[in-house]
Amino acid sequence: MAQATQAYKRSLSGSVGAGLSSVFGGGGRTYYILEHKVSSKYHKAGEAQEIIVDQIELGRDPKCQVQFDESFKTVSRRHAAIVRDGENWKLIQLSQTNTTFLNGRPVQNEWYLQNGDEIQLSINGPKLGFIIPSGNKSKTGSIGLSRRLSLFRQQALKPYKTAMAVMAAVIVLLLGGGITYGVIDHKNDVERAKLTQQQIGEANARAEKAIAEANQRQSKLENDLAKANKQLQALKKQLQSVQAPPAAVGDGSAPHVSSSATSNKTIAACEPSVYFIMIRKIVLSYDGEIKTFENIGTGSGFLLNDGRFVTARHVVEPWMYPSGENDEFSIACNIIANNGGSAVCHIECYSPTGKHFNFTSQQAIVNRSSDKKLTVDGYNISIPENGALDWAYFKTNNSGGLVFNNALSTSLPLQAKLTVLGYPLGIGANSPSDVHPIYSEAVVAREGLEQGYILTTATTFEHGNSGGPVFATSTDGDLIVVGLVSGGAGRSTGMVVPIAAVQ
């Protein structure tokens, strides 16, 4: 069997792009089943393997979505491929040494597949049945979401498996260091793009050790805080005896901080400037195609009195901060954005007063100075190394806004009480006309900064608070912005990016 064809080439569109469409918008997409007729290390005879992407490869190479073990000597590393061609599927011969058979006849270049066809990889090699489900069962939407996510990981991301493992290891190491997205030294083989599976295992082992050490540090921190209670009482008396006025914005001096409760009236005065963020869509462009994924997530942001609208960078560019190997969407976006494609986040912001504006990640100002680009198995990925740069802002013409103080944000005293406003888990935003930020709190865990962060304990903010404002209270009872929520680690430890870093 021979047929004229364009040269086959693995593409982001056929793997990652098609997989994302099947998972997040697969109502009208079709799929097929490969029925394994021979048992192997990776598949049992009779197994029905659903294929939801537009191109797969069959062979002994670990990157092949349909993989056979080394006992199949006549199966090539990359033996054959199945790719979508419009509404049809075709079988492509890849091996230069071993033949692929379709219904017993050799395929010289490629041939279209029909329901019920039998594929065989080399003489006496493994056989697979090609099955197209009928009726409504032919749509990927008929497959459960959790199953589609699993298939996406196995098929769309498998060619990038090492890159995924590297990203997961880096993220775990950042968390294990006690600081979300903290500073990690990567002067090793990752930098030279030659990470092996053994090195990845070693990285994970180091991550586990770092997590254990972080937990020990947190326990010690909690003990130290308990012992500092007497110091706090003395500090309260000292602060209450000083009546220095809050510093004006940008004057470089820091007002004194009160540890007493903040009045509801003061909190209510700040609420109009605390916005609910809806990540309305992410637009991916790659291989000449454009795909849109809607209603990705939520977050918090706030307007400063100099016109800047501030939030966390991981809200604006979530693909730069995947939450581990199972964060398929962010990992896929990261791969696309760093391999000739682009990812653009479209953000809508809603105020409790009814104000509303939009911006995109391309319009946001961020600091990319710590971004580390890695090349793994020929694919590029990118991860920020300095979590204290987890901020983004958009310049607006809006008036009003919150008072902030740069000097205070880098010199908060131990155990100063902090007020947090935002939208944890999306709570507080019932509709565009019904937006009310939720109150949370935290306590400063050490004087000054820890690896660039304001480190907090007794932290109550949740996912969705990301990017929301963090306030200190002056001795006059005024709320002053000192930072924004970045993330957390452990049971109650939080990381706040100081407002002084937002430049």
Side-chain angles (χ1 to χ4, degrees), residues 179-181 218 221-222 225 232 257-278 297-304 309-315 323 349-352 387-388 390-391 401-405 408-409 412-430 434-446 450 453-474 477-499 502:
I179 298 294
T180 307
Y181 317 127
Q218 181 169 320
L221 175 63
E222 292 173 351
L225 289 176
L232 172 62
V257 176
S258 172
S259 296
S260 59
T262 303
S263 72
N264 291 342
K265 183 178 180 180
T266 302
I267 294 172
C270 296
E271 289 182 353
S273 297
V274 182
Y275 285 65
F276 172 69
I277 287 179
M278 171 66 74
T298 64
S300 304
F302 54 99
L303 182 67
L304 293 174
F309 179 79
V310 180
T311 185
R313 184 185 176 191
H314 75 262
V315 172
S323 58
C349 308
Y350 299 90
S351 164
D390 182 21
W391 56 261
L402 302 170
V403 174
F404 65 98
N405 190 284
L408 179 60
S409 72
L412 288 166
L414 177 69
Q415 292 204 356
K417 184 178 179 181
L418 303 177
T419 297
V420 182
L421 294 178
Y423 302 89
L425 308 175
I427 299 171
N430 300 309
D434 185 12
V435 176
H436 300 283
I438 305 301
Y439 170 87
S440 303
E441 58 186 25
V443 174
V444 175
R446 61 150 290 180
E450 173 72 22
Y453 283 103
I454 301 168
L455 187 64
T456 67
T457 190
T459 305
T460 62
F461 52 72
E462 301 277 358
H463 296 293
N465 275 119
S466 293
V470 179
F471 304 86
T473 305
S474 73
D478 297 319
L479 285 178
I480 303 170
V481 174
V482 292
L484 62 133
V485 174
S486 176
R491 297 182 299 276
S492 64
T493 303
M495 274 68 71
V496 173
V497 175
I499 199 67
V502 185

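By convention here, the first residue in the shown sequence is residue 1.
- With sequence neighbours excluded, no residue forms a side chain to side chain donor-acceptor pair (under 3.5 Å) with Asn264.
- Scored by the salt bridge (charged side-chain N to carboxylate O under 4.0 Å, His left out) test, Glu441 finds Lys417 as partners (sequence neighbours excluded).
- Contact check for Thr311 versus Leu484: no side-chain heavy atoms found under the 4.5 Å cut-off.
- Under the rule for a side-chain contact (heavy atoms from CB on, under 4.5 Å), the partners of Pro352 that lie at least two apart in sequence or sit in another chain are Tyr423, Val435, Pro437.
- Under the side chain to side chain donor-acceptor pair (under 3.5 Å) criterion, His436 pairs with Asp434, not counting sequence neighbours.
- Annotation: side chain of Leu421 is not in contact with side chain of Ile438 (no heavy-atom distance under 4.5 Å).
- Without hydrogens or angle criteria, Ser351 side chain to Pro272 main chain gives a donor-acceptor distance under 3.5 Å.
- A heavy-atom distance below 4.5 Å is found between the side chains of Ile499 and Leu304.
- Within the 4.5 Å cutoff, the side chain of Val403 has no heavy atoms near those of the Asp478 side chain.
- Not counting sequence neighbours, the partners of Ser440 by the side-chain contact (heavy atoms from CB on, under 4.5 Å) test are Val420, Thr460, Phe461, Asn465.
- Remark: the backbone N or O of Gly494 is paired with a side-chain donor or acceptor of Thr456 at under 3.5 angstrom.
- Every residue meeting the side chain to side chain donor-acceptor pair (under 3.5 Å) condition with Ser466, not counting sequence neighbours, appears here in chain and number order: His314.
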